[in-house]
Amino acid sequence: MVKLRVGKKGLIVTIVFVLVLAIAPFIFPKYDVYLLALSLVMALFAISFNLLFNYAGLLSFGQAAYFGAAAWTVVLLYNHLGINSMLILFPAAIVAATVLAAGFGYVCVRYTEFYFAILTLAIGELLFFLAIKLRWLTNGSDGLGISYLPLLWTNTMNITAYYYVVLAFFIVCVLIAWMIINSPFGLIVQAIRDNPTRIESIGVKIRRYRWIVFTLSGVYAGIAGALVVPLYGHIVPDVLRWTVSGEAIFMCLLGGYTSFLGPIIGAIIYTFIRDYAIAKLVYWQLFLGIVIVAFALLFREGIMGLIKRKIKGIP
């Protein structure tokens, strides 16, 4: 039985937030709608990291491996096999990311803490170098692009239509993540995070639970990777690098990784700040670094930590 532990104020804030997202294309310019769609995709990516980090207590530097694997599945099938239907490419991308996460996760969850983090980092870098070296398949560092992907009634070049596709996936995935976290399975995972020795002593197979969470995080990263392709338009091997995994960490720190909504808020703010910094500043990486460090030092619970102090009941 899943208990939705949300206060009345938190529920109101959540409903208002969803309504704003629903009417966004009617009140914001098209480019802002594009950025908002991208931020929702990156929010799913941040959630994939937080499932491991906050709820399972596992620090992963390799989330980009599954994000990038899904993205590359889409562009490879599009360019080499001529498949241009999102109804085919999207499930294929999710399956690719899931299989990859399940396989690597089986090995990674045998380790914890420092060793787990380094192993996940090595996996991502391995896939990155494979994408660079297999030039006949990936076009090397130049990458591959797409022109458009047909949807049911239009194509992905129509940013308003594609925004609602992204929003639909976002709402469904967030609801499922919330239900998983608050289910008996999710509570056991959090108990393992807090005291793995005691939980193992009562007969719980902690590796199995960690492996399932690892695979689920790969699924979420894969969904984000598939959805991001039409928004990027061109995929390069860098989507597999640790720097992309670092963005998920930044978004969680910015929004507040201890809150369920933290990674979502962090992803939206990070995406808009990053776009502004790239457009206005030469040393935009330095600016983003200062912002992240400042939040990490001054507001350890992130933006949602500040909000939760004012409004009780927010998840």
Side-chain angles (χ1 to χ4, degrees), residues 1-5 44-67 69-70 94-127 173-225 242 245-246 248-249 251-253 255-264 300-302 315:
M1 183 68 178
V2 178
K3 295 182 179 179
L4 301 180
R5 297 173 293 178
L44 294 178
F45 184 44
I47 289 173
S48 78
F49 168 79
N50 214 37
L51 284 173
L52 279 176
F53 182 61
N54 183 37
Y55 298 103
L58 300 171
L59 175 59
S60 171
F61 288 117
Q63 290 305 103
Y66 318 110
F67 178 82
I94 296 177
V95 169
T98 302
V99 171
L100 203 63
F104 288 138
Y106 184 78
V107 177
C108 291
V109 296
R110 295 174 178 270
Y111 306 91
T112 57
E113 299 178 350
F114 174 80
Y115 301 100
F116 177 88
I118 294 301
L119 190 56
T120 56
L121 174 63
I123 288 171
E125 290 300 288
L126 172 64
L127 294 180
C173 290
V174 167
L175 285 175
I176 291 174
W178 174 253
M179 293 175 66
I180 290 173
I181 289 168
N182 290 279
S183 69
F185 169 82
L187 296 177
I188 291 174
V189 169
Q190 294 171 63
I192 292 172
R193 173 202 62 192
D194 296 334
N195 198 327
T197 303
R198 176 174 294 180
I199 298 301
E200 189 173 29
S201 69
I202 61 175
V204 175
K205 297 181 178 179
I206 61 175
R207 285 184 183 175
R208 178 181 297 176
Y209 279 86
R210 285 172 172 166
W211 176 72
I212 293 173
V213 175
F214 194 104
T215 304
L216 283 172
S217 75
V219 172
Y220 271 75
I223 293 172
W242 66 270
S245 298
I249 299 175
M251 290 182 284
C252 289
L253 289 176
Y257 68 89
T258 58
S259 169
F260 179 79
L261 294 178
I264 298 172
R300 297 189 63 182
E301 295 182 353

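Residue numbers count from 1 along this sequence.
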Please report the closest heavy-atom contact between Leu100 and Ala69, naming both atoms and the distance.
-> CD2-CB, 3.6 Å

Rounded to the nearest 0.5 Å, what's the gap from CD on Glu125 to CD1 on Ile118? Could you check?
-> 11.0 Å

Answer whether the closest heavy-atom distance between the side chains of Ile212 and Phe185 falls below 4.5 Å.
-> yes

Ignoring hydrogens and geometry, is there a side-chain-to-backbone donor-acceptor pair from Ser217 to Phe49 under 3.5 Å?
-> no

More than 12 foreign heavy atoms under 6.0 Å from OH of Tyr257: is that the case here?
-> no

Validation row: Leu58, Val213 side chains within 4.5 angstrom (heavy atoms) | no

Nearest-0.5 Å distance that lies between atom OG in Ser245 and atom CG in Leu59 | 10.0 Å

Closest approach of Cys108 and Phe116, non-hydrogen atoms and distance?
-> O-CD1, 3.3 Å

Check whether any side-chain N or O of Asn182 sits under 3.5 Å from a backbone N or O of Trp178 as a donor-acceptor pair, and report yes or no.
-> yes

Centroid-to-centroid, Tyr220 to Tyr66, below 6.0 Å?
-> no

Any idea which heavy atoms bring Cys252 and Ala46 closest together, and the distance?
-> SG-O, 3.5 Å

Tell me, do Ile249 and Phe61 make a side-chain contact under 4.5 Å, heavy atoms counted?
-> yes

Heavy atoms of Cys173 and Ile223 approach each other most closely as SG-CD1, 3.7 Å

Check for a donor-acceptor pair, side chain of Ser48 on one end and backbone N or O of Gly218 on the other, with a separation under 3.5 Å.
-> no

Distance-minimising heavy-atom pair for Pro196 and Arg210 | CB-NH2, 3.8 Å

Is the shortest heavy-atom distance from the side chain of Asn54 to the side chain of Arg193 under 4.5 Å?
-> yes

Write down the atom of Val174, the atom of Ile264, and the distance for their closest heavy-atom approach.
-> CG2-CD1, 4.0 Å

Output the distance between atom CD1 (Ile47) and atom CG (Leu52), rounded to the nearest 0.5 Å.
-> 13.0 Å

Can you tell me if Thr98 uses its side chain to pair, donor with acceptor, with the backbone of Val219 under 3.5 Å?
-> no

Heavy-atom side-chain proximity of Val189 to Ile181 below 4.5 angstrom = no

Can you measure from CD1 (Ile188) to CD1 (Ile192) and round to the nearest 0.5 angstrom?
-> 7.0 Å

Roughly how far apart are Ile199 CD1 and Ile206 CD1, rounded to 0.5 Å?
-> 9.0 Å

Here the gap from Gln63 atom CD to Phe214 atom CZ, rounded to the nearest 0.5 Å, amounts to 6.5 Å

